[in-house]
Every structure is written in C-alpha cells, then in structure tokens.
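Hydrogens, waters and symmetry mates are skipped; everything else that's a heavy atom, side chains included, is used. Letters A, B, ... are given to chains in the order of the sequence lines, protein chains preceding strands, and every chain is numbered from 1. Every value quoted in this text rests on a predicted model; they were computed, and no experiment measured them.
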Amino acid sequence: MNAAPPLLAVRGLSKHYSVTGGFLAREIARVHAVDDINLDIERGETLGLVGESGCGKSTTGRCIMRLIEPSAGTISFEGRDVTHIDGEDLRRLRRDMQIIFQDPFASLNPRHTVAGIVGEALVIHRLATGRRQIEERVVQLLETVGLRSDHLNRFPHEFSGGQRQRIGIARALAVEPKLLVCDEAVSALDVSVQAQVINLLEDLQDKFALTYLFIAHDLSVVEHISTRVAVMYLGRIVEVAPARALYDNPRHPYTKALLSTVPIPDPKLKRKRLVLTGEPPNPFNPPPGCHFRTRCPLAEPRCAEIAPALLETMPGHMVACHVTG
Amino acid sequence: MTERLLDIRDLRTWFNTDDGMVRAVDGVSLHVNRGETLAVVGESGSGKTVTARSVLKLIDMPPGRFAGGEILWRGRDLIPASNSEIDKIRAREIAMIFQEPMTALNPVYTVGDQIAEPLRAHENLSRRAALARAAELMRLVQIPDPERRVRDYPHQFSGGMRQRVVIAIAIACGPQLLIADEPTTALDVTIQAQILDLLNDMKARFGMAIMLITHAMGVVAENADRVVVMYAGKVVEAAPVEELFANPRHPYTQGLIRAIPRVDAKAQHRTRLAQIPGTVPSLINPPAGCRFAARCTFATDACVAAEPVLKPVGPDHTVACIL
Amino acid sequence: MPGSTPASLIAEGPEVFRAPELVAGPRLSLRRQAWRRFRKHTLAVASLFILGFLVLGVVVGPLLWRVPMGAIDLSAMLQGPLLDHPFGTNGLGQDLLARMIFGGRISLAVGVAAMAVAVGIGVAVGAIAGMASGRVDAALMWLTDLFLALPQLPLLLLLMYLFRGALRAAFGDEGGIFLLIVVVIGGLRWMSLARLVRAQFLSLREKEFIEAARALGASRARLMLRHLLPNALGPVIVAGTIEVANAIIIESTLSFLGLGFPPDVPTWGHMLYDAQQYLDSAPHWALIPGAAIFLSVLSINFIGDGLRDALDPRRVI
C-alpha cells in the first residue's frame, strides 16, 4: 500500500433515515440507506460505484460531498478528517470536491444564463473579479467542455441534454477540483451523446489529473470508464475490485447476476443468463445477516446469521460473501 | 409467406406548435409480421414513440394531426376509422404498455379491478369471473400469491411488480400485437432482465407479436427478430437483427452500435468510444436532404441535395443512404 | 429518499417540441428579451395602457380639472354626466370627476402599498420557514395558521379603532389613516403568500441545481436570493396582484363602516358605498367608481400574468 494517504478515505460511513409516524412522531422504522461502508479513492483513479436504485450509491456520493450529513463514520480528504467541518473550512473543501448530476434538466437553474451558472463558483470563491475577467474564464471553461463563447448569454432550456451536461461539467471544473463525483452523469443521455460525454470526461481526467467517483447503474459504462469498481447492494458494499478483474472474475453472486443481466449488443451471443428471482428486499426491514441472501442462489444457513465482512481475497479484490469469499 | 399484421406506409404525424410545424414522424414505413418481435430503435426525437402512439391513435389532436400515410391493421386502414372502431381494436387486438409503471396504474383502484376492467368491458364477464381471471393473469406474469395480491393497490407493489401488472392488463384480452414503449427503461437491470424474459415468454405462449420501442441496442440484440432504426422522424435502416448487427449499412446505425461500451469486450477499457458528433436536428425545419448528413462523417454534397429513400441492399435489409 | 433512480429521461414525449439548438444569431439583452415576452401577452399590454392612463389621470388630473371636489351645489344634485360635470354629481351636488381623481390617488396608493406590505411579510416568513425547516419552520407555520384563524373583519375594526387616534396625531389626518390602513390590511393578508412561498421553497430545495449551488459553496443568503426566490417568484406575482384588488375593496369596507378615511375624503370604495341608496335615480354615481375599481383590478391582474411570463426565460418567444 502507498505510504501517502488516499485522496479520499471513507470509514464506517452510515446514513439512517428515521420514518416517523403516529402520536408525537415516534420513530417507527429506520432505513439504513448506507450501512457501514469503507472506501478509498486514490489520486488519479476512477472508482466506479454501481448498484440498483435504492442501494445507497447516490446517498454515499452526497455524504462524501457533505451535501447530506452522515449518521456515523468519517470522511477524510487528503488525510484530513472533513466529516464535521463547517463555515470557511467547508467552503474551502468545496474547491477540492465537485459533483455533476444525473438530470441535465433539473441541475441547472432555469433563470440563470450559462455565464451566470458557470461563473457562479468564480464569484463565490473570488477566483476572478470584474465582469471581463469572469467572462474570459467562463469562455475558457466552455471551450474546455466543447461549447462556444456565443453560448454565454443563453439559458439552459435552449440546449440539448448533452450540451446541458457539458454546462454542468464546466460549472464543476470552475473551481479546479481534485475530486469529481459523477452521479449518474450520463444515464439520462442518448447513446450517441452519452459516448460524447464519456469521452469528454476521460479527456478532462487526463488534462487536469482529476479523480472521479463515478456513480452509475449501467455496468457497461462503469466498466468502460473505471479503474476500480465497487458494487453496492442495499446499503452495503459487496465487492470491490479492479474493473477488469471484476468483470473477468466476479466473486460475489450479486455481481455475477448483475453482470449476466447486462444486455450485450450482439445477437449471435447466446449467453446463459443468471436472472435473479425476486426483488431487492424492503430497505425498512433488511433481512439480518447478508442482505442478499433472500435472492442468492448459493445462500447457506450461516448467511442468515452473520453479515459477511468485506475481505481481501486476492490483492486488490475484496468480497463480502461467506460462500465465495 | 408470413402475414403482415401491421403495415405502416409513409406515415406522417405532425404537431402544430407555437414555433412551427413539428414533423415528428415524417414518412415512416414499417411492418410487423404475425408472431415476431420488431424492435424500433432510435434516440429521443427520432419519432419512435409518436409512431407507436399513432397506431392506437393515442395522439392528442390538435396539436397533432395525420398529414399522410396509412396504418393498415390486418389490411384495414386505421386512420379513417372512427373512435368506436379503434376502441374495439384497442386491448382486444392491439395492446400497449408504457415506460412508467408508476403512472400507468390508477392509484385508487386495486390492481385486480384494473386487470379485470378490460375483461369486463370487452368480454362482458361478471365482476367475480373477471377477478378470478385477473388472479390467473397475475399468476401468468409471475406475481407471487396472486389470490391475495389481487386486492392490493398499486402503491403496495414495487416498480418491477407494477410493470408485471401492466403487462397482465395488456395481455388480458389476448391481443395479437403488443406495443411496448420502453418497457424496461425505468427499471433496474436485474428487474429489466426479468421483464424482458416475461415478455418473450408471453410471446412464445400466445404467439403474440411485439413491437418493442427502445433506445438500447443491447435490449434490441437480445430480444428482437427484426429491427427498424429511426432517426429524426424517418426510418434509416431496417433488417433482421443478426444481419443488422453483423452488417450495419447506415452510418447512423454503425455509430449507434459502436457508441456503446460493452462489458464483454476484452481490454477495451479506456479506449475512446466511437461518438457521433453534434445533436439531433430540429424537427421544425428539418435539414434538406439526408437528416443525418450534418453529423455524418461520410457526408457529401449529394447527401444534402436529395433525400435518400429506403432501398433494398440484401434479403429483407433496406437502408436509406445514397452511399 | 434521495437514492438515485435509474429512470432515464430518454422518453420522447414533449421533448420533440424542443428545438435542440437555436440558430446562432445576435442576442437581445436580457431586458429586451423579457419585454418581448411581455409583449406577446396582448391583454397585459392593453392593461398596461389602461392602468397607465388611470395613474396618469389621478396624478395630473387636478392640474387640468380645476373644479374643487368639496364645493357643494345643491341646485345640481344627482346630475347625470353633462358638460360642466362630465361624470355627473353626487347627492350634495359635488363634482364626481374631481372626487374620482382625488379618490383614485388614495385607492390606488392603498392597493399598491398594502400589497407591498403583504408580499414583504409573506415572502419573508415563507422564505425563512422554507429555508430553515425544523423548529423555526414549525413555529412560523404555527404563526401563519394562527393569523389565518383570526376573525379578520372584527380584528381589522378593532385595530383601526385602537390606533386611529394616535396615528392621526403623529402623522396628520390623512397620512396617519393611510399608514394604518396599509399596515393593517397588509398585516392581515400575508398568510397565503407565506404558505405559497414556503411550498415553492420546499419543492425547489429538492432540485439538483440547488444541490449544485450548495456543492459550489454558496452561502444560505446566496441560495435564497439568487436561486430559490427568483424561481419562486411566478406564483407570488400573481397572488400579489390579487392582493391589490383585495386591499382596494377592504379599504372601501373600512371607509363605509366609518373607520377608514374621514367621510369628507373620497375614495373609490367610499364613493361606491355612498351611491348605493341612489342606484335608481343616479346610477352613474355607482357605475363610475365601480368601473374604475374594476378596470384597475383587472388590468393589474393581467399585468401580473404578463410579468410572470416575461420574467421566466423558459418561455420561448
């Protein structure tokens, strides 16, 4: 392992939501959206975080971004605990971490021009002063993401989905962040445009030495862009491995099932698909032990008793499974 | 010779908006044979959904209108047909399912009543008999414990289960054609696979044809018999599925296939994806000539000069490109 | 729950109607664009002319029409519109045109000022509640519900009765009453606005662009002023214009009950009430102030509609 601390280290991160009801708003149930997860993101890598809806991957991203307060655990950035910082410290952290969102329609303020949207960070962090200087920098950012200077005074609704996503990327790049959280950043885009944005993200990573946390449900996209991939199921990480190893040699039965259900654009390929039965259990009352055992083809009695820990089975390959781990 | 159940000829569905006439579907011809799965694939704005909705006349008119063409259902043109005639065809002969299983069901009725409704309307079953059939249909679409769940409300079902309910409603009257508009887009991959398997199972069991509207090439490859590729309101290529993937002729089809990252390809990580530059053109004043020309790497002056027509290039394989 | 949904937005639907990219061309300034959107609203433009005419009339009217409004001429009682009294006269033979001009000044000023007070309080309370959530929100909403539950008219009368004397002494006869009427009407009409703004804030706060602004390090004040408020404005403008109408009408009720302006000070509402016994013999006496109230209220509402659209850049011209 490196001596230097990873760019981002997450330890024991949990996020619970209380469901209240009845007399005096008593807590009647608790959702473990994120349940005791550990993650390291090394400088310059792309960590893919995959899972189905409700698995907690977006909550994890937002906790790391300090947009949601975690219930427990620590988040360290460059070796410094940033879990509870606020005020000026938090503002300074914002320059190191940025996020781009899924929905290119909801993520841009409809009443601001492109200049206002991309330039906002410059104003907040006083990275440029005066109209001229801000405008110059915004134009520079727009050109970096493949837009033109004459887009400056247009409003978001005048752009297509792909172009809006580029505006969102330019906004995030304005502070020259080190870590960029991409929350389903290409999921809402058409195939041909999705490829444009993925290529752009890869180019930007090379150009600015960016580190990505790439959150998505689409395994083929995640495998394409990531160096390492973490798979989440119902609030827990079940497997972490280098992208290639994960796809060539998945260990966790959930990862295997997930991989085999990805449609492959080749009609000649007749695969033996491992279609999971059932659906993810209710997150209000997750089954004790391994969360996946209710759908797992390999489940054993012990899976119901003890939750499997995430253990390194091969160098860099960690699995949380009693049977295959 | 296979029977053409549905034969759409030169369909034009236009929408009158404040900004001008949107030619959402502009001269589309395609057909669905009995018992086959036809995938209609395209990006947003390609007109695939409007084409599908036109078949059952689910287009608001105005602003929409049919500006030309024919929709032949078993030889009979549906465009001049009256509303009551279309009502007879809906559900009984052609059924449709939509992308959002959350909004396709009425939250204030039990799912049993909603499955039973077409049976009572079209087959004059009593409520009791219709509910019994509803439970049977729920078993058919593999909803566990159907006798009990028939009395549940939609919010008590998960997304995947709701889509199963929607499918049960669609197949209740034994249609010959099921139009599925992005049936799995809103679902997770593991659930998506279950639903597609279910649709294929229903098709095999009842010999029903499926018109599968989708944007995902992977879904097309694994489920379709034939494929129609649409772009900006027009059909650019049509072929049997294996032929299309092995030998795509239109530059747009080629781009679509190459733009998808694939989990099965080796050592492909971080190689650049083939991208199609630019965005879909406006359908208000679509460019003259080939609508893809502005984004096409092979485009020449001839492409802009004249609109290409669909020409056969192989058995059952047609393409609209002059190159 | 904030977990992501893979629900893709690739649905076609209304997207078809959106031109993916407008043709490049010279861009109008933002203000010019807003004016172009406003101009699309024919009714709003017409209303702007009507309201402009009314305001101009009450402002410069006294310079052109020099008949004193208080002059009693018992020989010309209840006259219909004639040359020397274009709007006719009232029961004391006073010239109605002069009284309309003076009354309009008060009525329009009361309407606009009371609306400003109601919008000011409502937006402040709603914005703070929507921003703060938790206890502050609960307390402010409790206060709002309390105000909603109060019997408005008796309270209005009580407040007028209690503070009339003191304010008249402090700010003079008309000034004091004006201030009191505006504050009391505004102070009892802000609740629906506060609820509206809070509801808007709560739904906007979930939007990703708000999260994006937080992620950029925007302060709470910036979030509120630059992101939340402008997006919550549309319905507030419409509700605000309705408040103008309400204030004009409440003022006339107060005057009628003898708790508004003194009886010798004409306001449109006051004139309307005075006229009601003479509807048979002198219908013009009621019709003229009635039409003035109707026209100003209607035109303010239409201007509000136009303004809402003009300030929304998503409206394509």
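- For C/L204, no part sits under 4.5 Å from any heavy atom of chain A, backbone or side chain.
- For chain C, no part of A/V34 is nearby; none of its heavy atoms comes within less than 4.5 Å.
- Counting only heavy atoms from C-beta outward, the side chains of C/K207 and A/D103 never approach each other to under 4.5 Å.
- Interface check for chain A: of the options C/G217, C/A212, C/A218, C/A215, the most heavy-atom pairs under 4.5 Å are formed by C/A215.
- Counting heavy-atom pairs closer than 4.5 Å to chain C, the top-ranked of the candidates A/N109, A/V181, A/V175 is A/N109.
- Of the listed residues A/E120, A/M65, A/Q98, A/R171, the one with more heavy-atom pairs under 4.5 angstrom with chain C than any other is A/E120.
- Looking at A/H112, its side chain never comes within 3.5 Å of a backbone N or O of C/H227 through a donor-acceptor pair.
- You'll find the side chain of A/P156 stays beyond 4.5 Å of the side chain of C/F209, heavy atoms only.
- Among the candidates A/L108, A/L90, A/I100, the residue making the largest number of heavy-atom pairs closer than 4.5 Å to chain C is A/L108.
- Expressed to the nearest 0.5 Å, how far CG of C/L229 lies from CZ of A/R111 amounts to 10.5 Å.
- Atom CG in A/L67 sits 5.0 Å away from atom CD in C/E211 (nearest 0.5 Å).
- Heavy-atom minimum distance, A/R62 versus C/E208: NH2-OE2, 4.0 Å.
- Both the backbone and the side chain of C/R226 have a heavy atom closer than 4.5 Å to some heavy atom of chain A.
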